[in-house]
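Below you'll find the structure, written out as structure tokens, and then a few comments.
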Amino acid sequence: MTTIESLDPADDVQYAEFYSVYAAALGDEWDRPYSAREKRLALQEKSEYQEVIGALGRNDAGVAVVAGTIDFSLKDNVDVGFIEVGVAPGHRRQGHGSAMVAHLVELNSSRGRTSLMGEVRWDEGQTGSGHTAFAEACGFHLDMADAHRVLDLPAPLPEAPARDGYTMVSWRRGVPDEWIDQYAHLVSRLVEDSPSGDFPLENEFYDAGRIRADERLLAEQGRVMQVVAAVSPDGELVGHTQLVFPESDPGDVYQWATLVLPEHRGHGLGLSLKVEAMRVSADLLEGRRFVHTYNHADNGPMIAVNEVMGFRRVGWLGEFVRNL
């Protein structure tokens, strides 16, 4: 039997148990856990844009065995909850994960939401994993698969200067005020302008306030984000890429969003953006081992960019959906 309790991330003892289970559940070579600080701050954040709720499950002996979270977006996609569930090794196949999923389903339904989404990864050369089998046993189906690629560092960079009248601007730690409204619009376009699955996700809502809130959280978590944006000949932001450097994970770099607006594709901007981001991040890249990136399996142009840069595929990240 599993007893589920609400997580209070301000409770040091309970949070330590939660984090221990969460980190232990991510035993995959390429599935890096957030640090305790990063995870805790995300759970504690008070935001008008999203709410994250944690839960901890114990077995009959009172031992913490399963951790779960559900993320509610408050300005968009208000019919879906985004969940994560992890069971500590040695306590799997005993119903603890299913009990946590049932708890999160109840939370989701109590908010009037009708769907759940979660991410599950598996290694290159596999067709699935124990995690994908668990998701399917809980009523989820695969909606979309993203290829997980890594770039071994240090890496030679191809020549890819901006052309056709486009230029590049870059920043760390904060979007310049002159660009913030355009940048918020650009970031919000990711779902609409990138390959996606069949589940009808909406664009995420972004405004200047959310951009600044995200920047504050990144700083508190000890993450540095290097952004490079493309400027069109008429002075508009039309593309961007983000490299994230966690202080707590000194070996890894994470490529977050990369997007070029459809009407500005065909000018090599995807490659130019990513190469420029690596170039201006040379000081941050020093001593790091890998850059991680994820792309939809059907996103041929971005996959081609990554392969030109030397990325190699190491696995897959599946987006799994359950309609309630």
Side-chain angles (χ1 to χ4, degrees), residues 1-5 7 17-36 38-39 52-71 80-108 115-150 197-199 249 251-252 254 290 292-297 312-324:
M1 180 176 177
T2 314
T3 303
I4 307 293
E5 61 193 46
L7 175 69
E17 292 179 293
F18 171 90
Y19 184 78
S20 178
V21 173
Y22 157 77
L26 298 176
D28 192 309
E29 176 188 3
W30 294 110
D31 203 2
R32 310 289 203 251
Y34 287 166
S35 70
E38 290 171 329
K39 193 74 172 175
V52 185
I53 298 173
L56 181 65
R58 302 181 185 276
N59 64 12
D60 288 336
V63 176
V65 294
V66 58
T69 60
I70 186 164
D71 186 337
V80 60
F82 300 87
I83 72 167
E84 182 176 28
V85 174
V87 181
H91 298 278
R92 293 171 179 165
R93 300 185 182 276
Q94 298 174 35
H96 302 307
S98 299
M100 179 59 74
V101 170
H103 175 74
L104 298 178
V105 166
E106 185 177 341
L107 278 177
N108 199 63
S115 299
L116 287 171
M117 291 192 74
E119 294 180 338
V120 181
R121 78 169 309 281
W122 61 96
D123 284 334
E124 178 69 2
Q126 296 179 318
T127 56
S129 67
H131 298 305
T132 61
F134 170 70
E136 290 166 352
C138 289
F140 289 78
H141 68 272
L142 179 64
D143 181 62
M144 183 176 97
D146 291 321
H148 177 191
R149 287 179 169 81
V150 297
D198 294 328
F199 187 81
D249 183 0
D252 294 285
Y254 296 90
F290 304 108
H292 299 254
T293 190
Y294 297 84
N295 303 106
H296 189 287
R312 58 187 174 91
R313 198 168 68 203
V314 297
W316 298 88
L317 186 70
E319 296 184 12
F320 280 75
V321 175
R322 176 176 167 182
N323 296 316
L324 304 177

Stepwise side-chain contact (heavy atoms from CB on, under 4.5 Å) test for Phe140 and Ile83: CA-CA 12 Å; Phe140 289 78; Ile83 72 167; 3.7 Å; yes
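- Salt bridge absent: Glu124 and Arg312 never bring a charged side-chain N and a carboxylate O closer than 4.0 Å.
- At distances below 3.5 Å, not a single donor-acceptor pair connects side-chain atoms of Asp143 with backbone N or O atoms of Val321.
- Looking at residues two or more places apart in sequence or on another chain, you find no ring pair (Phe, Tyr, Trp, His ring centres under 6.0 Å) involving Phe134.
- With Arg313 contributing its side chain and Ala147 its backbone, the two residues share no donor-acceptor pair below 3.5 Å.
- In terms of modelled atom types and a separation under 3.5 Å, the side chain of Asp123 and the main chain of Gly315 share no donor-acceptor contact.
- Looking only at atom types and distance, the side chain of Asn59 has no donor-acceptor partner in the side chain of His96 under 3.5 Å away.
- With a 4.5 Å cut-off on side-chain heavy atoms, His148 and Leu317 do not count as touching.
- For the pair Phe199 and Asn323, the minimum side-chain heavy-atom distance is below 4.5 Å.
- Contact annotation: the side chain of Arg322 approaches that of Val105 to within less than 4.5 Å [non-hydrogen atoms, C-beta and beyond].
- In this structure, CD in Glu5 is found 10.0 Å from NE2 in His103, a value given to the nearest 0.5 Å.
- Legend: residues meeting ring pair (Phe, Tyr, Trp, His ring centres under 6.0 Å) with Tyr22, ordered by chain and number and at least two apart, are Tyr19.
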